[in-house]
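Below, chains carry the letters A, B, ... as their sequence lines are ordered, and counting in each starts from 1.
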Amino acid sequence: MSRTRAILVTSALPYANGPIHIGHLVEYIQTDIWARFQKMRGHRCYYVCADDAHGTPIMLRARQEGISPETLIARVAEEHRADFADFRIGFDNYHSTHSPENRYFACLIYQRNLEKGHIASRVITQAYDPVEQMFLPDRFIKGECPKCGAPDQYGDNCEACGASYSPAELKNPRSAISGATPEQRESQHFFFRLGDFEDMLKAWTASGSLQREVANKLGEWFDAGLQEWDISRDAPYFGFEIPDQAGKYFYVWLDAPIGYMASFKHLCDRTEGLSFDEFWAPGSTAEVYNFIGKDIIYFHALFWPAMLHGADFRTPTAVFAHGFLTVDGQKMSKSRGTFIKARTYLDHLNPEYLRYYFAAKLGPGVEDIDLNLEDFTARVNADLVGKLVNIASRCAGFLSKRFDGRLSGEVADPELFASFVRAGESIADAYERRELSRAARDVMGLADRANQYIDERAPWVVAKQAGRDRELQDICSMGLNLFRLLIGFLRPILPGTAEAAEAFLRIPPLTWDVLPEPLVDHEIAPFKPLMTRVEPAQIAAVLEASREDLASQDARKTKPHETRTEGHLVREPIGETIELADFARVDLRVARIAAAEAVDGADKLLRLTLDLGGETRTVFAGIRTAYRAEDLVGRSTVMVANLAPRKMRFGISEGMVLAAGPGGSEIYLLGVDAGAEPGMRVR
RNA sequence: GGCUACGUAGCUCAGUUGGUUAGAGCGCAGCACUCAUAAUGCUGAUGUCGGUGGUUCAACUCCACCCGUAGCCA
């Protein structure tokens with residue numbers, strides 16, 4: 001085998017503002033599998049991560065809860081650590097960006113870049129909240145879209161019409177924190193001159209550090225021209241104050257990736273013989289890999305290597321981006337219960353399932369992956385329980401009952417065993433290239449072969465014939481030796497199952513280089529089920545609990561806020577008072593949705609056929625961003641029945657259905673309690 | 001809107017530089033088996049490879065346009 005490599009692996013730092021959910025886990029599981037594989041190969045591989053603990057949202061959240069930011073991030077860090085540990089994410093160190101190490105490196109990197117003239121400074125004009133006495137990030141300014149007039153839009157772009165603009169262009173802008181009208185104020189900011197690094201970045205990109213699609217994306221950014229990056233924020237801010245610049249703080253995105261170094265330094269300081277410089281000095285031959293989501297490519301493929309280079313550190317060997325997770329083909333949704341927190345999953349399901357399922361779908365590219373819950377159940381049960389674990393289960397009984405758990409002195413089918421060992425090299429190759437789905441597929445192909453072997457040799461027939469004891473022992477020993485190889489191959493993906501299997505086989509933790517040595521004349525422990533099947537009821541429970549999470553969260557959120565300045569009533573105040581007669585003019589009826597279909601050429605519209613118990617109406621409803629047509633059929637809702645028909649490009653709309661919410665995925669159609677019949681008037 | 005990807009059997013996905021009848025797993029149908037957590041083995045059916053044009057002796061694979069999906073636009 002090749003030389004021993006020194007490898008440092010990181011996952012992106014989760015924000016210390018909320019819980020880990022299964023979308024996050026795609027990345028941690030992918031990285032963990034890769035790191036475990038490298039360790040199993042005998043390389044010196046370190047996997048570090050940290051909480052990303054700075055920034056305005058954390059400051060505000062802490063204030064809202066009436067605690068210090070430090071208390072908030074300590075609590076969240078605790079939860080994150082527990083979630084990761086239970087999913088068997090095997091960090092060698094988990095640190096925080098709010099740490100002395102990170103302050104040291106953030107300041108060092110800034111200072112060195114400053115000395116070389118890569119930091120500029122100038123005065124900019126920015127929105128300021130006079131009540132809260134703070135500058136407002138774009139996402140904390142809301143107002144009406146300057147293009148289409150849609151209310152309640154964020155400061156950068158409009159969710160209704162898709163227009164992009166600057167916060168200054170918003171009509172009737174308000175601070176999302178206090179509700180006050182923002183003022184424009186001047187402030188001095190510091191900028192990282194990214195343009196200084198264009199040649200260096202182009203060379204770095206060309207050196208194969210990025211996936212093809214990502215390199216394409218960078219080419220686009222190069223063509224557009226690299227602009228300066230604002231790395232400072234004004235007080236009040238939760239972060240590190242910039243040296244010699246009182247009241248100015250490093251923007252959270254400056255010190256976040258530096259957290260990789262800080263976490264590693266923290267590990268080095270506690271680990272005999274582990275040298276920080278071996279990994280981070282310029283010209284280091286150690287490998288450094290950053291696993292990230294595709295949404296943060298910009299920071300990791302441009303700013304991060306440029307900052308490092310400007311501060312005389314080595315740049316990452318490669319940055320690996322992955323896609324997002326969808327559940328049942330759609331974005332994770334709180335209302336559907338598919339916004340599943342790590343803890344909620346763990347309450348009901350074995351983490352090994354999800355590790356395997358993600359592995360079975362992950363490739364080296366940036367494509368999104370889908371968690372199809374039906375497929376998840378079928379795949380885990382068929383592959384892991386039916387094929388893999390079953391091999392051990394069907395051999396173990398004979399060995400313990402008839403041979404005191406002792407394996408034969410030789411391998412019954414050396415050819416077959418050797419073919420498995422050979423396949424291991426190609427599987428290792430798949431792991432190395434992050435083709436986890438290929439690795440999983442190949443191992444399952446081998447599991448099929450193992451089951452075929454057992455079927456061909458029919459130990460249950462041999463067992464009933466006198467004088468064939470030795471043969472029976474050979475067959476079952478062979479089966480277990482194949483099982484041992486499969487477990488070895490899957491160990492990076494299924495560390496918990498592998499551990500249990502190792503206990504069963506009474507062997508030390510498997511490494512890749514011991515795999516070709518079969519177990520002979522060896523005693524095993526009595527067999528215990530290594531993994532149980534996924535029950536559809538468990539999946540249902542996870543979805544149900546995820547919906548409950550939302551409900552309790554809502555209750556928590558709205559109550560203390562009633563007197564606060566944020567909320568629906570602030571965003572959209574209650575209208576002027578009307579008389580009962582005014583209301584009576586609106587004829588509301590219970591309507592059953594008899595049919596629903598997407599409207600071609602309109603990505604927001606559904607064509608609904610409403611049954612009013614005597615007549616039917618066609619209504620075009622702008623709810624497609626939140627509902628699938630097939631999910632609506634059969635539901636009852638409320639419609640305005642005497643609304644003047646309106647001609648639309650797609651036909652005539654004969655009324656409207658009632659729904660709440662700001663739009664996008666947050667649209668909530670009104671429902672009616674059981675018993676209400678189509679056509680009944682609502683008053 | 002611009003850009004980057006993706007769109008292959010009911011489902012989840014493979015298909016290397018264009019080349020004989022397009023593959024796997026799950027699901028489905030039938031048969032076998034009963035050692036095993038009803039777990040396994042064998043056999044079989046199923047696809048105008050998103051659409052339309054084009055290049056070519058030959059295209060799922062290349063090109064153009066269109067449709068749909070996802071993301072990015074600092």
Trainee: Would one find a side-chain N or O of A/Gln211 under 4.0 angstrom from OP1 or OP2 of B/A5?
Mentor: no
Trainee: Counting only side-chain heavy atoms from C-beta out, which of B/A70, B/G25, B/C35 sits nearest to A/Asp383?
Mentor: B/G25
Trainee: Classify the nucleic acid contact of A/Met531 as base, sugar-phosphate or nothing, counting any heavy atom under 4.0 Å across all strands shown.
Mentor: base
Trainee: Taking any heavy-atom pair under 4.0 Å as a contact, classify A/Gly386: base, sugar-phosphate, or nothing.
Mentor: sugar-phosphate
Trainee: Should the pair A/Asp474-A/Arg457 be classified as a salt bridge under the 4.0 Å nitrogen-to-oxygen rule?
Mentor: no
Trainee: Determine the contact category for A/Pro529: base if any of its heavy atoms lies under 4.0 Å from a base atom, sugar-phosphate if only primed atoms, P, OP1 or OP2 are that close, otherwise nothing.
Mentor: base
Trainee: What are the two closest heavy atoms between A/Leu201 and A/Ala301, and how far apart are they?
Mentor: CD2-O, 3.8 Å
Trainee: Give a yes or no on this: more than 12 heavy atoms of other residues, nucleotides or ligands lie within 6.0 Å of atom NZ of A/Lys401.
Mentor: no
Trainee: Convert the base pairs of RNA chain B into dot-bracket notation, remembering that pairs crossing earlier ones are written with [ ] and that bases paired across to another strand are shown as |; include only Watson-Crick or G-U pairs under 3.5 Å.
Mentor: (((((((..((((.....[...)))).(((((.......))))).....(((((..]....)))))))))))).
Trainee: Looking at side-chain heavy atoms only, is the closest gap between A/Phe417 and A/Leu485 below 4.5 Å?
Mentor: yes
Trainee: Without decimals, in angstroms, what is the distance between A/Leu388 CG and B/A36 P?
Mentor: 18 Å
Trainee: Rounded to the nearest Å, what distance is computed from the CH2 atom of residue A/Trp460 to the P atom of nucleotide B/A36?
Mentor: 11 Å
Trainee: Does OP1 or OP2 of B/A39 have a side-chain N or O of A/Arg533 closer than 4.0 Å?
Mentor: yes
Trainee: Using atom NZ of A/Lys387 as one end and atom P of B/A39 as the other, report the distance to the nearest whole Å.
Mentor: 13 Å
Trainee: Grab the CZ-P distance between A/Arg449 and B/A24 for me, whole Å please.
Mentor: 16 Å
Trainee: Would you say the side chain of A/Tyr353 lies within less than 4.5 Å of the side chain of A/Thr377, judging by non-hydrogen atoms?
Mentor: no
Trainee: Please tell me which of A/Leu530 and A/Thr326 maps to the more 5' nucleotide of RNA chain B, matching each residue to the nucleotide holding its nearest heavy atom.
Mentor: A/Leu530
Trainee: Assess the pair A/Phe398 and A/Phe403: is the distance between their ring centroids shorter than 6.0 Å?
Mentor: no
Trainee: Name the residue closer to the 5' end of RNA chain B, choosing between A/Asn451 and A/Val214 according to the nucleotide with the nearest heavy atom.
Mentor: A/Val214
Trainee: Provide, to the nearest angstrom, the distance between the CG atom belonging to A/Leu218 and the P atom belonging to B/A5.
Mentor: 13 Å
Trainee: In this structure, how many angstroms lie between the P atom of B/G25 and the CZ atom of A/Phe376, rounded?
Mentor: 21 Å
Trainee: Would A/His322 and A/Phe358 count as a close aromatic pair, with their ring centres under 6.0 Å?
Mentor: no
Trainee: Between A/Lys202 and A/Phe222, is NZ or CZ placed under 6.0 angstrom from the six-membered ring centre and within 45° of the ring axis?
Mentor: yes
Trainee: When you check every protein heavy atom under 4.0 Å of nucleotides 11-17 of chain B, what one-letter string (B, S, -) results, 5' to 3'?
Mentor: SSSS---
Trainee: Determine the minimum heavy-atom distance between A/Tyr453 and A/Ala412, stating which atoms define it.
Mentor: OH-CB, 3.8 Å
Trainee: Taking any heavy-atom pair under 4.0 Å as a contact, classify A/Phe324: base, sugar-phosphate, or nothing.
Mentor: sugar-phosphate
Trainee: Think A/Lys401 has a side-chain N or O under 4.0 angstrom from the OP1 or OP2 of B/C35?
Mentor: no
Trainee: In terms of side-chain heavy atoms of A/Phe527, which of B/U40, B/A70, B/U37 is nearest?
Mentor: B/U37
Trainee: With heavy atoms under 4.0 Å as the rule, sort A/Gly225 into base, sugar-phosphate or nothing.
Mentor: base
Trainee: Are A/Phe250 and A/Tyr110 close enough that their ring centres sit under 6.0 Å apart?
Mentor: yes
Trainee: Does A/Val366 reach a base, just sugar-phosphate, or nothing at all? Heavy atoms under 4.0 Å.
Mentor: nothing
